[in-house]
2 protein chains.
Amino acid sequence: MKKSKDLCDVKSCFLCSLCVKEWLPAVEIHKKNLDYKKGELIFGEGDEVKGIYFIYKGKVKVHQKWGDDKELIIRFATSGGIFGHRGIGKEKNYPVSATALEPTTVCFIEKEFFLSSLKVNPTLMFELMMFYSNELQESEKRMKDLAHMSVKGRVASCLLSLKNTFGLDEENFLDVTLSRQDIASFSGTTYETAFRVMNELVTENSVKVIGKKIALLNTEHLQNVIERESK
Amino acid sequence: MKKSKDLCDVKSCFLCSLCVKEWLPAVEIHKKNLDYKKGELIFGEGDEVKGIYFIYKGKVKVHQKWGDDKELIIRFATSGGIFGHRGIGKEKNYPVSATALEPTTVCFIEKEFFLSSLKVNPTLMFELMMFYSNELQESEKRMKDLAHMSVKGRVASCLLSLKNTFGLDEENFLDVTLSRQDIASFSGTTYETAFRVMNELVTENSVKVIGKKIALLNTEHLQNVIERESK
DNA sequence: CGGTTGTTTGACGAAAATCAAATTGAGTGG
DNA sequence: CCACTCAATTTGATTTTCGTCAAACAACCG
């Protein structure tokens with residue numbers, strides 16, 4: 001982790017796009033731009049909450065340990081996204097970890113400054129609340145999936161969710177590199193089972209796998225898999 | 001559903017306890033107090049979002065259908081609690097249903113008025129944000145449970161969660177009456193399996209069941225069950 | 001008394017986790 | 001460039017858990 005010289009100027013970052021003009025200079029003073037290497041831990045479960053993170057460039061996974069070897073990936077975030085936002089609550093320590101999936105630059109705002117900013121910037125607060133609302137929606141949707149869907153449905157759902165977050169390139173490859181273990185952890189299943197199910201989807205021609213890259217050839221079919229599970 | 005003559009004056013209801021003095025008269029005008037019978041549907045999946053609900057007295061479950069006969073209970077709420085709050089987002093329709101578990105009086109605030117109230121009342125907005133933050137925390141915790149815990153662990157976790165929400169009376173009975181089906185739906189399992197697991201817990205002397213009432217005799221043991229699952 | 005509905009229990013099978021082993025692949029140092 | 005190691009991938013076999021189905025039983029009610 002080192003300090004980056006770049007300043008955050010992501011258009012889609014709502015920290016920057018929504019703050020009032022008068023606030024900008026203050027942000028420039030208080031924010032720290034930090035770089036993380038691929039695989040580097042940004043914060044871990046139990047760490048004290050220091051502030052909130054906005055992704056300038058890169059990709060991050062937010063995950064939670066389970067036993068010694070298992071984990072569940074809660075969500076992913078990419079350029080313009082937020083994480084560590086649950087520190088803005090009554091919890092003093094993070095209940096989750098965050099890890100960079102690739103070289104990532106974030107801008108970090110200390111909790112105290114961010115909280116006082118919220119108080120004087122209703123628009124920012126409102127947008128953050130909307131963000132929470134959507135996260136909650138998403139979270140409860142996944143809760144339902146995990147409760148009642150088969151692994152195949154969950155993997156399909158997970159792939160579509162990845163498409164949503166990271167998008168596809170011109171050849172329909174997901175614009176992110178994930179290990180099989182990550183796919184499994186995001187689907188809430190084991191490495192081996194995730195592997196088998198991915199193979200199924202490959203033989204059904206809705207997914208192509210080249211090394212670590214995954215292409216979605218037939219999202220409609222994935223959607224059908226999910227529908228079928230919901231009957 | 002009929003209009004109640006009582007006005008909401010629940011101390012713990014943050015709508016009332018946190019709104020600025022000047023706002024109170026406006027609330028009195030805009031709010032509608034509504035009564036629901038036991039089992040009555042307050043709103044259903046797909047219904048248009050009209051506003052937000054604060055529970056004056058009673059108990060409510062928020063749930064989601066799954067197929068024809070299955071459902072997942074997302075959360076419970078009781079006196080002083082909020083529901084329908086996810087309508088305060090970009091969704092135009094509820095993704096969930098809400099049903100009264102017993103005779104319930106709510107105070108209902110129209111979305112437009114509530115939104116404009118948020119804009120002029122930062123404290124209210126801040127508290128609502130904190131509420132969202134905690135809900136999100138809770139939701140992600142349950143997500144993890146559903147993904148990696150056995151049914152027994154989930155039932156134990158569900159019972160402790162019920163204790164948290166509704167509390168125990170002097171004889172350690174949960175202060176809520178739920179059908180077995182509700183226990184199953186909240187634990188994310190089937191009626192029969194929930195039944196068997198409850199029996200196990202009864203023979204282990206950590207739970208007592210008399211008719212529809214459930215007593216938690218040994219919460220420590222329930223906690224142990226959960227711990228054991230997390231290894 | 002039949003009929004309907006909810007509870008309880010048993011038996012079975014499907015799905016998925018676990019375990020174990022074989023295969024591949026990617027460095028690493030000689 | 002070639003062994004060698006270590007980790008990741010792939011596959012098969014086994015076991016567990018849990019959902020499903022069905023039947024027995026109790027309870028409630030007109």
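Applying the side-chain contact (heavy atoms from CB on, under 4.5 Å) criterion to A:R180, with sequence neighbours excluded, gives A:Y191, A:F195, A:V209. With sequence neighbours excluded, the residues that form a salt bridge (Lys or Arg N to Asp or Glu O under 4.0 Å) with B:E204 are B:K152. For B:Q137, the side-chain hydrogen bond (donor to acceptor under 3.5 Å, both in side chains) partners at least two apart in sequence or on another chain are A:R86. Not counting sequence neighbours, the partners of B:K65 by the side-chain contact (heavy atoms from CB on, under 4.5 Å) test are B:E45. Evaluation of the side-chain contact (heavy atoms from CB on, under 4.5 Å) rule for B:D47 yields B:F43, B:Y94 as partners, not counting sequence neighbours. When the ring-ring contact (aromatic ring centres under 6.0 Å, His included) test is applied to A:Y132, the partners found at least two apart in sequence or on another chain are A:H85.
Of all nucleotides in DNA chain D, those with any atom nearer than 4.0 Å to a heavy atom of chain B start and finish, going 5' to 3', at D:dC18 to D:dC21.
Atoms CD (B:E200) and P (C:dT9) sit 13 Å apart, rounded to a whole Å.
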Expected list for residues 165-172 of chain A: side-chain donor-acceptor pairs under 3.5 angstrom, two or more places apart:
{"residue": "A:T165", "atom": "OG1", "partner": "A:S161", "partner atom": "O", "Å": "3.0"}
{"residue": "A:D169", "atom": "OD1", "partner": "A:E171", "partner atom": "N", "Å": "2.8"}
{"residue": "A:D169", "atom": "OD1", "partner": "A:N172", "partner atom": "N", "Å": "3.1"}
{"residue": "A:D169", "atom": "OD1", "partner": "A:F173", "partner atom": "N", "Å": "2.8"}

Q: Do nucleotides 10-22 of chain C as a string where each nucleotide becomes B, S or -: B if the base has a protein heavy atom under 4.0 Å, S if just the sugar-phosphate does, - if no protein is that close.
A: BB----SSBB---
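Phosphate contact (OP1/OP2 of C:dT9, side-chain N/O of B:N199, threshold under 4.0 Å): present.
A salt bridge does not link A:E48 to A:K111: none of the charged nitrogens lies less than 4.0 Å from a carboxylate oxygen.
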